[in-house]
Structures are given as C-alpha cells and as structure tokens.
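Report on one structure; see the data block that follows.
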Amino acid sequence: MQVSDSRPKQSQGKLLTDESLMQSLKDAIAKKLMPNVAKIDQQGMYPEEFLRNIGELGAYGQIVSVEHGGTGRGVLPALKAIEIVSETCLSTGFMAWCHNACSWYLQNTDNSFLREQILPQVASGKLLAGTGLSNPMKHFAGIEKIKIMATPCDGGYILNGTLPWVSNIGDQHLFGVSAQIEGTDNYLMAIAQGGMQGLELKQDVHFIALEGTNTFRCLFRNVFISNDWILAAPCDRYVEYIKPGFILMQVGMGLGLTQNCIDLMRRVDNTKQHVNQYLDDRPDELEEELENLRLKSYRLAEAIGHGRQLVGKEVLREVIQSRATASELSLRASQSLMLHAGAIAYVHGSVYDRRLRESYFVAMVTPALKHLRKVLASMS
Ligand SMILES: Cc1cc2nc3c(=O)[nH]c(=O)nc-3n(C[C@H](O)[C@H](O)[C@H](O)COP(=O)(O)OP(=O)(O)OC[C@H]3O[C@@H](n4cnc5c(N)ncnc54)[C@H](O)[C@@H]3O)c2cc1C
C-alpha cells in the first residue's frame, strides 16, 4: 500500500474549542464550498481541496485521541461538523461523515500500526477516507448476503467480491471493508486502499444526487490485505464498539439539511406567507421537531464519547430511533420546501430541487429508513 509512514506532528484543529472549530468551518464553507455547490451537484465535481481543508481545521480529528493526532473530544463535535457542512451541501456533508466513519474505525481498533501510523494521517485529512460497510450492515440485519469473502493466507487475507458503491474514494484513499472469513462463521474488518493490486474502482452510472461524491463500484479480485491493515478479526465485539457512533454521526446530515430547508421556507415566506400559512409542515412546527432531535442526538453523542466501549441497549435503540427521525424529518422538510417555494422550485438546478433530491439520500443510505425500522421492530 502506498502510504507514507511519516506521522504528522499534530492536527491543526487540536487546540480549537468547539465554538472556534464551528466558526472556522463556517468561514471555510462560505469561502470554499458555497461557490462550488452547484458544480458538485450537477457536474459531479469532487471537492477534494475543501475536504482536505476541513481536515486541517479539525473536522475529522474530534473522535480521535490526542496521542493519535486528534482532540479527543468525541462524537459530539464530529456530529456538529457533519451537520454544519450538510446545511450547505449534503454531498460534502456525507463525505465528511464517510471520512469520520473511517477515523472512527481506526480510533476503535487494537491494531497499533493502524492507530499509530495511519490514524494521525486520517485525523488531519492528509489521507482521505471512506467506508464500504453498507453490505455487511445489511447482511448482519438479515437484509442481504455478504459480498466479500476473505481467504486466510500467509501474513493476511485474500479478498474477493464486489461492493456496489463506496463514496469518497480514489487511488490513494483508504476505506473500511468487512468480509466473511472463508470456511467459518466469522467476519473481519480491514482498511483497503484504492490503488491496491487486484482492486478495480468502476464509475459506470450517474446519480440523481450525490454525483460529486467520488462513488465507485469496488471489484476485489484476489486482493491481498496484510495483517497490518486488519481492524479486527473476528470483528463481532469491534462492530458493537463502532456501531452507535457510525449511525449517530449520520444524524448530522439530516439536522443540517432540515435546518437549511426551514431557513429557505422562511425566506420564501417573506413574500408568500399569506398563502403558505395553509400548508402542512410549516417552518415553526418543523423547527420544534428539529430542535428536539438535535438535543437528543447531542445528548446521545456525549453518551457515546470516545468509543472503545459498549453502550447500553437503550442508548443504541435511541440512536437508531434518532437516525430514523432524521430521515423522516429530511423528507418532510424538503417536500414542504418544494410546496412553499412553488414553481420556482421546479426550475432545474434550483436549491429547492437539489435539497429535495439530497433528502432522499438521508433516508436511503445504509442504514436506510426501512432497515432502521426493521431493527427497531426487532428490538421492541
Ligand atoms: C450515491 C450513493 C453513494 C453510496 N455510498 C456508499 C458508501 O460510501 N458506502 C457504502 O457502503 N454504501 C454506499 N452506498 C450504498 C447505500 O448505502 C445503500 O446500501 C444502497 O443505496 C442500497 O440501499 P437499500 O437498502 O435501499 O438497498 P436495496 O433495497 O437492497 O436496493 C438496492 C438495489 O440496487 C441494486 N443494485 C445494487 N448495486 C447496483 C449497481 N452497482 N448497479 C445497479 N444496481 C445495483 C440491487 O440489485 C437492488 O435492487 C451508496 C449509494 C449511493 C446511491
């Protein structure tokens, strides 16, 4: 794997407080993301420079311990960072989540090579990263078969199979994968890299939204992963460590997108309030629900903290419920925004049209709303 061993001194975001992190992210969003949002959405522009920039500001280092280049503040500021980016652009907010998910995997592993050599580079955004855990999560929930098989060999494993879609990746990017260990009922989790021998990244479809997310089909043909790059094998207990933070951080996407829909509805109301008042899901109603979800998810983020621990069943249930509520609110808010804005929203390329298309992604990216409801039903 082409990864340099040099450890960065410290994440520049390390000394920032929560508020100054948010302020510096707001400034970066206004200067470097807002001008490119339409290109990201319509032309599939990948905002690599911005993604690296917010890494330097500390957007990926919050869930990483201080000795590995982060701030050690935990899931809460990471969730807030994803929220604030998603308020402007869900594609980029999703990629901020993808990257944070991979940081979270590295933060929770017992593998000292990954924690000491690789994590600091991911925490600072020097190495960009994604996650290919949709298939295993659906597999563990009884929704689909596992797609990657790992055959043990001298010094590691040989991986074969295909992951339909993995975002925020490229030749140098890292991403988390999971595979069944051949001949056993056990699974492993590992870190793969785009340029590995035997791994082909294919981009053969266009998406109705999220087009700028560098999303590829990943074909593993006899890809060797050495033991150095194994996060956990078997990974049952490890998956329980990462699951709550993985799911909860996605709530940030729904919080940010819903907030922007409400703000845009209020803007439209400046001239249309006299008639928009007869619509359902008015900004004030949605704002109350959004604030409840925000407070609940912030409280849960504090309960999850820094990882490397099991959370109680009730906390996990609340995390899953919050993630489902984030999907439902995003759908309702973007639909109501369309109706508030009226015909102007129907103009191709309008912000209203983009927010509507983006909102469906909150409800269908794994764990999708149907997946979350299945798990909630099995827990009650
Ligand atoms: C833009 C985008 C980015 C994504 N990024 C990631 C990521 O970073 N990591 C990750 O693990 N997952 C990613 N996914 C997958 C996502 O998380 C969901 O698993 C996926 O959208 C399907 O969810 P579902 O539960 O609705 O699946 P289902 O209800 O099972 O529906 C999936 C359907 O799509 C079909 N299908 C699957 N793959 C393909 C394909 N390549 N071409 C044509 N049809 C196909 C299946 O046969 C099935 O009918 C991404 C998906 C999209 C659309």
Side-chain angles (χ1 to χ4, degrees), residues 40-47 51 60 82 86 89-105 122 128-148 159 161-170 173-179 187 189-194 199-220 231 239 242-243 246-247 249-254 257 320 323-324 326-327 330-331 354 356-376:
I40 294 167
D41 180 51
Q42 288 162 36
Q43 297 166 27
M45 177 195 151
Y46 176 59
L51 289 168
Y60 315 132
I82 295 163
S86 303
C89 174
L90 192 82
S91 297
T92 316
F94 173 56
M95 290 188 283
W97 171 81
C98 294
H99 190 107
N100 265 307
C102 196
S103 294
W104 187 235
Y105 304 157
V122 173
L128 291 176
T131 163
L133 281 212
S134 175
N135 164 248
M137 283 191 78
K138 285 158 81 179
H139 176 65
F140 295 137
I143 297 172
E144 69 184 26
K145 287 189 180 152
I146 194 84
K147 293 184 193 288
I148 307 272
L159 267 55
T162 300
L163 292 177
W165 290 310
V166 183
S167 307
N168 201 35
I169 59 171
H173 292 55
L174 306 180
F175 60 104
V177 287
S178 182
Y187 298 82
M189 267 198 67
I191 295 290
Q193 191 176 25
L199 174 60
E200 188 183 352
L201 303 185
K202 275 198 159 183
Q203 216 166 26
D204 46 14
V205 292
H206 291 286
F207 299 109
I208 61 156
L210 284 289
E211 181 71 353
T213 52
N214 260 22
T215 298
F216 294 87
R217 190 143 57 97
C218 302
L219 291 86
F220 289 79
L231 289 158
V239 167
I242 61 172
K243 198 193 293 178
F246 173 102
I247 298 174
M249 283 192 285
Q250 289 183 337
V251 173
M253 299 194 292
L257 182 131
I320 295 169
R323 172 69 183 85
S327 299
S330 298
L331 293 173
R354 175 169 63 83
L356 181 76
R357 288 181 283 106
E358 289 177 339
S359 71
Y360 285 96
F361 190 74
V362 181
M364 59 144 278
V365 68
T366 299
L369 185 53
K370 56 191 173 183
H371 177 160
L372 295 161
R373 287 189 182 160
K374 180 176 195 280
V375 176
L376 286 171

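Each ligand, and each atom within it, is numbered from 1 in the order the structure gives. Since we're looking at a predicted model, the values are computed, not measured.
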Subset of ligand 1 atoms that lie under 4.0 Å from at least one heavy atom of [X]:
X	result
R217	41 (N)
P164	38 (N)
V166	7 (C), 8 (O), 9 (N)
T131	7 (C), 8 (O), 9 (N), 10 (C), 11 (O)
V365	17 (O)

Exercise check, heavy-atom protein proximity under 4.0 Å to [atom]:
atom	result
atom 53 (C) of ligand 1	yes
atom 26 (O) of ligand 1	yes
atom 22 (C) of ligand 1	yes
atom 35 (C) of ligand 1	no
atom 10 (C) of ligand 1	yes
atom 48 (C) of ligand 1	no
atom 38 (N) of ligand 1	yes

At their closest point, which heavy atom of [X] faces which heavy atom of [Y], and how far apart are they?
X	Y	answer
S167	C98	CB-SG, 4.2 Å
K374	I143	CD-CG1, 4.1 Å
L174	I191	CB-CG2, 3.9 Å
I148	S178	CB-O, 3.7 Å

Inset, instruction - Going by heavy-atom distance to atom 2 (C) of ligand 1, choose the closest among F361, F175, W97. - result: F361
Whether the side chain of [X] engages the backbone of [Y] through a donor-acceptor N/O pair (distance < 3.5 Å, no angle test) should be reported.
X	Y	value
Y60	L51	yes
S327	R323	yes
W104	I242	yes
H173	A129	no
Q250	T366	yes

So, does [X] sit close enough to ligand 1 that a heavy atom of it is under 4.0 Å from the ligand?
X	result
K370	yes
G132	yes
H371	no

Legend entry - Any side-chain heavy-atom pair of I82 and N100 under 4.5 Å: yes
Legend entry - Side-chain heavy-atom pair V177, C218 within 4.5 angstrom cut-off: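 A side-chain contact is absent here, since even the closest heavy-atom pair is not under 4.5 Å.
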What protein heavy atom lies closest to [atom]? Include the residue and the distance to one decimal.
atom	result
atom 42 (N) of ligand 1	W165 CZ2, 3.9 Å
atom 18 (C) of ligand 1	T366 OG1, 3.4 Å
atom 8 (O) of ligand 1	S167 N, 2.7 Å
atom 15 (C) of ligand 1	S134 OG, 3.9 Å

Inset, instruction - Return yes or no for this condition: an N or O of N135 is under 3.5 Å from an N or O of ligand 1. - result: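 N/O-N/O distance under 3.5 Å: no.
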Inset, instruction - Indicate yes or no: does an N/O atom of T215 lie under 3.5 Å from an N/O atom of ligand 1? - result: no
Backbone, side chain, both or neither: what part of [X] comes under 4.0 angstrom of ligand 1, heavy atoms only?
X	result
T213	neither
F94	side chain
N168	neither
F207	side chain
K138	side chain

Inset, instruction - Measure up the H139 and Y187 rings against each other and bin them: parallel (under 30°), tilted (30 to 60°), perpendicular (over 60°). - result: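 H139 and Y187: tilted rings.
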Legend entry - Y105 and F246 aromatic ring geometry - parallel, tilted or perpendicular at 30°/60° bounds: parallel
Legend entry - Y360 atom OH, over 12 foreign heavy atoms within 6.0 Å: no
Inset, instruction - Applying ring-ring contact (aromatic ring centres under 6.0 Å, His included) between W165 and each of F94, F207, F216, report the one that passes. - result: F207
Inset, instruction - Using the side-chain contact (heavy atoms from CB on, under 4.5 Å) rule, pick out the option among K147, K145, H371 that qualifies with K138. - result: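 Of the listed options, the one satisfying the test is H371.
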